[in-house]
Amino acid sequence: MSHTSASDFIRSQILHSPRIAVVTGSGLGALGDALTDVQSVPFASIPDFPRATVEGHRGELCFGVLRAKPVYIMRGRVHFYEGYSLQQVTFYVRVLRALGVETLVLTNAAGGLNADFAAGDIMLIADHINLVGMAGHNPLHGPNDAALGPRFPSMNPAYDPHLRAVAKQVAQALQINLREGVYAAVAGPSFETAAELRALRLLGGDAVGMSTASECIVAVHSGMKVLGLSLITNLATGEPASERFTADELHHEVLAASEAAVPKMVKLISGVVEQI
Ligand code: HPA
């Protein structure tokens, strides 16, 4: 996997060099519709780019202008549970860095562990607990290329304090009730048992999801600033109420809740991008 072949190819297709990239998770691909001057490159045409296999995840890298700022939008991403290695999952982060991106906005769909949260809320990620990494699956596992970043990168803070402050200001101005909390990253694809959800809450998680932490690690390793936003698509509190969902219903609930909250997310991200 060579991120330089991928970045050279993208440079040949998109003749702009945005400093900001936004990654849109489950159902949030619609952010791309807020762009003007769009140019897009399907993942399938980019050398070494893995292809998304999940419903609700589009697979293209777009360039566009959002509130007068040039941005890349990653419409779709791949996940560890699809069978890709974490190096493949985070490959696009290296590519964006090679393209000159300095700020990475990661969005995801997540279950709400915090009992105060409701489906449709947006949570600003203050920090994460990377259970996947703590269990031995870290995207930086293996030899370190010092040209890309340090062997032992500090992850404190992982999510840029200034960007978090900007997100809070923008949310306040837009009267969006922005939640803030800790994102617990799990591998999936099975949803959590009630006991696992209780454990995640005890550990200090406010939301649980199957992406973002590995991407954040690689972004921080390569010197990028990261902002993380979780769309709370379902309550994952481990209360018996969640037992009425079959797996299919749960996935559809995730997609439906993100669809309903997309306009709010688009306004928030646009406002933040404008301020960067
Ligand atoms: N658990 C894990 N990942 C998720 C969830 C959940 O409840 N909802 C959306 N992504």
Side-chain angles (χ1 to χ4, degrees), residues 23-31 52-58 74-84 86 89-90 105-135 137 178-217 228-262 264-265 268:
V23 181
T24 56
S26 291
L28 290 170
L31 178 69
T53 63
V54 190
E55 186 196 345
H57 287 259
R58 297 179 56 160
M74 280 279 296
R75 293 181 100 170
R77 62 148 80 85
V78 300
H79 303 80
F80 189 50
Y81 61 71
E82 292 175 76
Y84 293 108
L86 285 179
V89 167
T90 58
V105 180
L106 293 170
T107 70
N108 60 46
L113 297 166
N114 186 320
D116 291 340
F117 290 2
D121 278 353
I122 300 174
M123 185 189 86
L124 173 64
I125 303 180
D127 205 346
H128 72 219
I129 301 172
N130 183 15
L131 286 130
V132 185
M134 292 171 87
H137 296 284
L178 184 63
R179 311 299 199 144
E180 186 173 19
V182 171
Y183 178 85
V186 295
S190 49
F191 285 110
E192 301 69 36
T193 64
E196 285 165 346
L197 293 173
R198 281 195 299 275
L200 293 175
R201 274 210 286 187
L202 275 176
L203 288 176
D206 294 291
V208 55
M210 303 172 190
S211 65
T212 301
S214 296
E215 294 147 89
C216 173
I217 289 171
L229 295 167
S230 291
L231 180 52
I232 304 301
T233 51
N234 56 286
L235 291 184
T237 50
E239 300 300 324
S242 59
E243 282 169 15
R244 62 197 159 87
F245 294 110
T246 64
D248 260 8
E249 282 164 351
L250 200 51
H251 187 56
H252 281 108
E253 190 200 16
V254 167
L255 293 180
S258 44
E259 227 166 83
V262 162
K264 189 166 66 167
M265 195 68 141
L268 178 62

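Whatever order the structure lists ligands and atoms in, that order sets their numbers, starting from 1.
Side chain of Arg179 to backbone of Asp116: a donor-acceptor contact under 3.5 angstrom is found. Not a single donor-acceptor pair under 3.5 Å links the side chain of Tyr84 to the backbone N or O of Thr90. In terms of modelled atom types and a separation under 3.5 Å, the side chain of Ser230 and the main chain of Ile122 share no donor-acceptor contact. Looking only at distances, a side-chain donor or acceptor of Asp206 sits under 3.5 Å from a matching main-chain atom of Val182.
The ligand atoms of ligand 1 that sit less than 4.0 angstrom from a heavy atom of Ala109 are 9 (C), 10 (N). Against a heavy-atom cut-off of under 4.0 Å, Ala236 is close to the following atoms of ligand 1: 7 (O). Those atoms of ligand 1 with a heavy atom of Met210 less than 4.0 angstrom away are 2 (C), 3 (N). Heavy-atom proximity to Glu192, at under 4.0 Å, picks out these atoms of ligand 1: 1 (N), 2 (C), 6 (C), 7 (O). Each of the following atoms of ligand 1 lies closer than 4.0 Å to a heavy atom of Thr233: 8 (N), 9 (C).
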Distance-only criterion, 3.5 Å: show the donor-acceptor pairs between side-chain atoms of residues 195-204 and protein atoms not counting sequence neighbours.
from	atom 1	to	atom 2	distance (Å)
Glu196	OE1	Thr193	N	2.8
Glu196	OE1	Thr193	OG1	3.4
Arg201	NH2	Thr237	O	3.1

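Considering only heavy atoms from C-beta on, Leu231 stays 4.5 Å or farther from Lys264 through its side chain.
When non-hydrogen atoms are compared, ligand 1 lies under 4.0 Å from the side chain of Asn234 (C-beta onward) but not from its backbone. Contact annotation: for Val208 versus ligand 1, heavy atoms closer than 4.0 Å belong to both the backbone and the side chain.
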